[in-house]
Amino acid sequence: MSAVVLRGFGWRHAGRKGWAVRGVDLRVEAGERVLLLGASGAGKSTLLAALAGLLPEDSGEQEGTVEIDGLDPRKARERVGVVFQDPETQLVMARCGDDVAFGLENRGVPAEEIWPRVDEALRRVGFPYHRDRPTAALSGGEQQRLALAGALAPRPGLLLLDEPTANLDPAGAALIRRAVADALDVDTTLILVEHRVAEALPLVDRVVVLEAGGGVRADGPPDSVFAAHGDALAAAGVWVPGRTVPPRPATAPPGDWLLTADRLGLPPRLAAVDLEVRAGEALAVLGPNGAGKSTLALLLGGLLRPGAGTATATAALAGRDARTPPHRWRAPLLARRIGSVFQDPEHQFVTGSVYDELALGPRRTGQPEAAVRATVDGLLDRLRLTRLAGANPYTLSGGEARRLSVATALATAPRLLICDEPTFGQDRRTWGELVDLFAELRDAGHGVVAVTHDPDFVAALADRTLTLERP
Amino acid sequence: MISVAPVARPGAPLARRNPVAKLAAALVFSFVLIATLDPVAPAIAIAIELAVLPLFGIRYRILARRAWPLLASAGGILVTLVLFAADRSGRVLVEAGPVVVTEGVLVTALGLVLRTLAVALPGILVFATTDATDLADALIQNAKAPARFAIGALAAFRLVPLLEQEWRMISMARRARGVDAGRNPVAKLRLFVSTAFALLVGAIRRGTRLAVAMDARGFDAGLPRTVARRQRFTTADGLLVAGAAALAGAALAVSVALGTFRPLIG
Amino acid sequence: MNHTTNRWRTIDIVIASVIAVAFGVIFWAWGLVWSATDAAFAFFPPAQTLIYGVWLVPAVLGGLVIRKPGASLYCELVAAIVSALLGSQWGGTVIVQGLMQGVGAELAFAALRYRSYRLPAALLAGALTGLTAAIFDFVYWNKTYELVSYRIPYALLTIVSATVIAGAGGWFLTRALANTGVLDRFPAGRERAAV
């Protein structure tokens with residue numbers, strides 16, 4: 001219903017030297033469905049924020065103009081609905097119905113109209129529960145469907161979706177895409193940002209590619225855009241459909257046993273599991289949300305005390321300490337044997353600079369400073385972080401933070417590496433680097449265990465898979 | 001685990017009352033009691049509080065679980081008073097070096113311990129029976145609290161379980177990095193500060209995203225807000241507040257009549 | 001950034017609330033980590049004055065980050081309500097106490113007309129929030145103790161602890177947070193060099 005016009009639009013956040021987005025000329029007619037693409041850092045999210053009226057004048061500097069139906073977006077907010085990437089931080093209220101009602105209350109919808117409209121919005125997105133259900137009891141996919149209902153309830157003319165499925169497992173992501181397809185009125189304009197292009201294509205009829213340095217690189221129907229720019233887009237980190245990644249199978253048979261789990265579990269989060277982890281082998285742990293995959297990673301990583309069964313290290317991994325279970329080892333010893341990479345890289349940051357972050361582990365395990373420096377420089381170079389050595393870890397982009405968190409686990413040279421969703425939300429470029437890195441580690445005789453929802457990652461890397469069921 | 005949900009049976013007659021009324025009743029009841037330092041008035045107040053407990057739908061066991069740290073601090077009050085009491089009148093019971101325990105000291109200690117309990121219990125009752133959303137709604141609708149602030153605080157409160165989970169993850173991630181403190185208290189303190197800092201960074205990042213999402217849904221758009229959930233302040237709610245004031249006043253009156261009343265000021 | 005107004009933006013309200021909520025969780029975790037020491041403190045309350053300042057950090061931090069009238073008061077008050085909702089054994093008492101504690105830091109920033117947020121301002125805010133906290137305790141908790149040997153030293157220690165932990169600590173914390181980039185939408189975060 002709403003039309004969008006940008007003329008020479010640019011935005012620079014306060015405190016930044018560079019422009020987040022610049023020189024964008026674009027016209028989107030009412031009812032069009034647009035997929036917005038571009039490399040990481042090309043300014044897609046900033047552009048969506050501008051359209052949603054979420055860039056306050058005092059938070060940066062603007063160039064050119066942006067209009068929705070001829071209005072400044074900051075004054076046209078009631079025409080726009082937005083769904084963001086992170087389900088946890090876009091739900092406001094504790095109960096589902098209250099959350100959908102929140103947007104209607106803000107717009108001054110009369111109280112007696114609110115509940116019928118809440119129920120209608122919940123029905124349109126196929127929400128399976130009563131409106132009294134606590135939002136905390138929902139899975140990620142259900143939370144995103146609720147967020148979609150909240151965005152649709154005020155009947156926006158323009159719907160903006162900023163990677164709404166990036167944090168979801170494949171089943172949850174499919175549910176969201178279906179909900180969008182079913183719930184959208186024919187005349188609602190849609191602008192979607194999404195890395196995973198193949199899955200998003202059925203929702204759109206036009207693709208716009210932002211150039212990282214500024215401006216629009218390509219604009220048109222999906223087929224012609226990918227025919228002309230597919231290679232360049234893939235190189236820039238976009239998941240272009242039809243381009244598969246060559247698998248990286250192990251180059252040698254697996255070596256020593258490193259760790260065995262015998263009826264290992266933590267009721268009610270994880271049912272008993274038997275498994276062996278070997279050097280020179282990549283094991284992928286699969287299963288639906290709620291099956292306890294992350295719990296298993298923490299148990300294997302020696303970070304949680306098992307509720308049932310045992311995790312036992314072999315002498316090849318732990319020498320004489322193999323008699324004590326990993327969760328009772330002192331931390332510096334643990335870090336030298338088993339490295340853990342968490343789903344959220346920021347959980348692992350301890351210091352104020354990338355260099356110190358990498359040096360922390362080696363220092364803790366008692367290496368002399370010269371050896372520490374050599375280790376750190378090697379890792380900085382290998383993971384393309386040298387330029388950022390002095391940066392605060394919390395200021396890194398998603399891909400940089402992921403590479404740093406893997407590098408910190410490698411800094412103490414553990415034989416076994418355990419990763420929880422290492423490719424979560426990564427663009428194709430970082431994704432490819434991670435696959436190469438894990439393949440090299442495995443081929444150098446490390447054991448790699450990856451908990452993952454990512455079928456491409458499994459296809460490219462895994463030598464063996466283990467699928468968990470819900471307990 | 002941190003519990004963010006009310007622990008009472010929601011249908012209990014006083015638990016159902018308007019949250020603002022419950023809060024006002026608790027504050028009135030507590031404040032009347034603050035006025036005195038004697039043991040009699042708070043003892044009567046505690047008896048009243050325990051008697052109305054079933055009306056709030058709280059089991060005695062749950063109350064005990066919430067209030068037991070108060071009993072621990074009662075021991076602290078006694079020790080501190082023995083060492084530092086201003087009033088050492090009455091018969092001397094124990095004398096060992098600097099430690100002089102008199103009847104006056106014990107009466108004062110008893111008064112303080114009872115008062116601490118009597119003043120804290122009403123608040124525990126109210127918050128144990130009140131849902132955060134209902135409290136925010138009632139503060140806005142019945143106590144004229146600014147809606148933007150009450151809802152902003154409510155949205156942030158929803159992050160409590162997430163942050164609790166986050167604390168555990170950050171702690172485990174530090175162990176995975178080779179950082180632990182063992183028994184060294186200085187290392188333990190440093191680890192605590194570093195974990196708390198990481199938690200705060202993550203919390204502010206989430207809060208920033210939450211604020212953006214709220215703005216995207218028209219919060220603070222300058223339009224007059226409507227309310228989907230009505231909170232009513234009824235006669236019964238007024239009676240609850242008046243009843244609390246009357247009961248606390250009665251406890252004080254008994255104390256005055258018995259001649260035990262000791263005003264806080266004066 | 002001189003055209004900032006005193007009106008609170010959504011992000012001001014939410015981040016002030018989040019600071020209060022996060023400290024609610026941090027105080028809870030403190031109990032987990034230090035349960036043994038805490039019992040010792042409970043047995044001898046005067047020792048608690050040494051760490052008293054920890055409870056006052058939200059007041060100073062809120063003022064330094066948000067830089068709007070009412071920020072200190074709001075943060076400390078919400079922190080108190082949150083701890084009551086989470087089941088504080090002190091019940092409604094914490095709300096009144098939180099209000100008192102917030103007033104001190106608020107007065108300090110108000111006295112500087114909400115224009116200075118440097119280290120001296122933070123120390124003053126810490127000292128005053130310690131002072132108001134001490135006044136509350138002086139009257140409410142410590143009335144029956146000896147004046148010279150207990151009530152006055154207790155009050156002075158509270159002020160010192162608040163100045164060091166809440167004042168200086170709050171200032172360092174604000175700077176460390178600014179370095180992580182999470183305060184980029186606040187004046188406190190924009191004072192670091194453009195990146």
Side-chain angles (χ1 to χ4, degrees), chain A residues 49 52-54 77-78 80-82 84 86 88-95 97-98 101-111 114-115 118 135-136 147 150-151 154 298 301-304 330-332 334-336 338-340 342 344 346-350 360-361 364-365 394 408-409 412, chain B residues 4-5 131-134 136-137 147 151-152 154-162 166 168-182 191 194-195 197-199 201-202 205-230:
Chain A
L54 295 174
R77 270 204 206 140
E78 70 283 358
V80 183
V82 197
F84 298 95
D86 180 11
E88 304 277 17
T89 52
Q90 54 185 320
L91 300 182
V92 180
M93 305 295 282
R95 288 182 294 252
D98 295 356
F102 174 73
L104 300 171
E105 293 174 308
N106 290 334
R107 286 168 171 86
V109 172
I114 289 182
W115 294 113
V118 167
T135 46
L298 294 171
L303 302 171
L304 262 186
R330 288 296 306 273
L334 176 71
R336 258 192 311 201
I338 306 178
S340 287
F342 281 61
D344 182 348
E346 291 195 352
H347 286 153
Q348 295 187 269
F349 298 155
V350 183
L360 176 88
R364 284 265 160 180
T365 52
Y394 289 104
T408 56
T412 46
Chain B
V4 291
D131 174 75
T133 307
D134 294 341
D137 284 340
I151 299 213
L154 179 64
F157 184 69
R158 217 185 60 80
L159 297 178
V160 166
L162 285 179
E166 190 123 320
R168 296 180 202 276
M169 290 309 274
I170 296 169
S171 301
M172 286 190 280
R174 270 159 175 58
R175 175 169 154 75
R177 296 290 314 277
V179 183
D180 67 3
L191 184 59
S194 125
T195 308
F197 180 73
L199 183 87
V201 171
R205 220 190 271 289
R206 281 171 196 271
T208 306
R209 286 201 295 260
L210 181 61
V212 169
M214 288 169 74
D215 273 337
R217 293 173 65 189
F219 191 65
D220 198 22
L223 298 167
R225 275 187 114 246
T226 47
V227 291
R229 300 168 301 278
R230 276 234 67 89

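Protein chains get the first letters and strands the later ones, always in sequence-line order, with residue 1 at the start of each.
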Check each atom of [X] against the heavy atoms of chain B and say whether the ones under 4.5 Å are side chain, backbone, both or neither.
| X | answer |
| --- | --- |
| A:Gln348 | both |
| A:Val92 | both |
| A:Tyr394 | both |
| A:Arg107 | both |
| A:Ala52 | neither |
| A:Phe84 | side chain |
| A:Pro110 | backbone |
| A:Val80 | backbone |

Tell me, for [X] versus chain A, whether the close heavy atoms (under 4.5 Å) come from the side chain, the backbone, both or neither.
| X | answer |
| --- | --- |
| B:Ile170 | both |
| B:Pro224 | backbone |
| B:Val179 | both |
| B:Leu199 | neither |
| B:Arg230 | neither |
| B:Arg209 | both |

Practice task
Sort out for me which of A:Gly361, A:Gly53, A:Pro332 touches chain B most, counting heavy-atom pairs under 4.5 Å.
Solution key: A:Pro332
Exercise for the section: Decide whether A:Arg95 and B:Thr133 meet the rule of one side-chain donor and one side-chain acceptor closer than 3.5 Å. Expected result: no
Exercise for the section: Side-chain contact test, heavy atoms from C-beta onward, threshold under 4.5 Å: evaluate it for B:Glu166 versus B:Arg206 and give yes or no. Expected result: yes
Handout entry: Check: A:Phe342 and A:Leu298 side chains under 4.5 Å, non-hydrogen atoms
Key = yes
Practice task
Verify, without hydrogens or angle tests, whether B:Arg217 (side chain) and A:Gly81 (backbone) share a donor-acceptor contact under 3.5 angstrom.
Solution key: no
Problem - Among B:Arg229, B:Arg225, B:Arg175, residue most engaged with chain A (heavy-atom pairs, under 4.5 Å) - result: B:Arg175
Handout entry: Verdict with supporting geometry, A:Val118 and A:Leu104, side chain to side chain contact (heavy atoms under 4.5 Å, CB included)
Key = CA-CA 9 Å; A:Val118 167; A:Leu104 300 171; 4.0 Å; yes
Exercise for the section: Please report the C-alpha distance between A:Glu88 and B:Leu162 in whole Å, then the side-chain angles of each, then the deciding distance to 0.1 Å, and finally whether the side chain to side chain contact (heavy atoms under 4.5 Å, CB included) criterion is met. Expected result: CA-CA 9 Å; A:Glu88 304 277 17; B:Leu162 285 179; 3.5 Å; yes
Problem - Gap separating the CE atom of B:Met169 from the CG atom of A:Leu303, nearest 0.5 angstrom - result: 8.5 Å
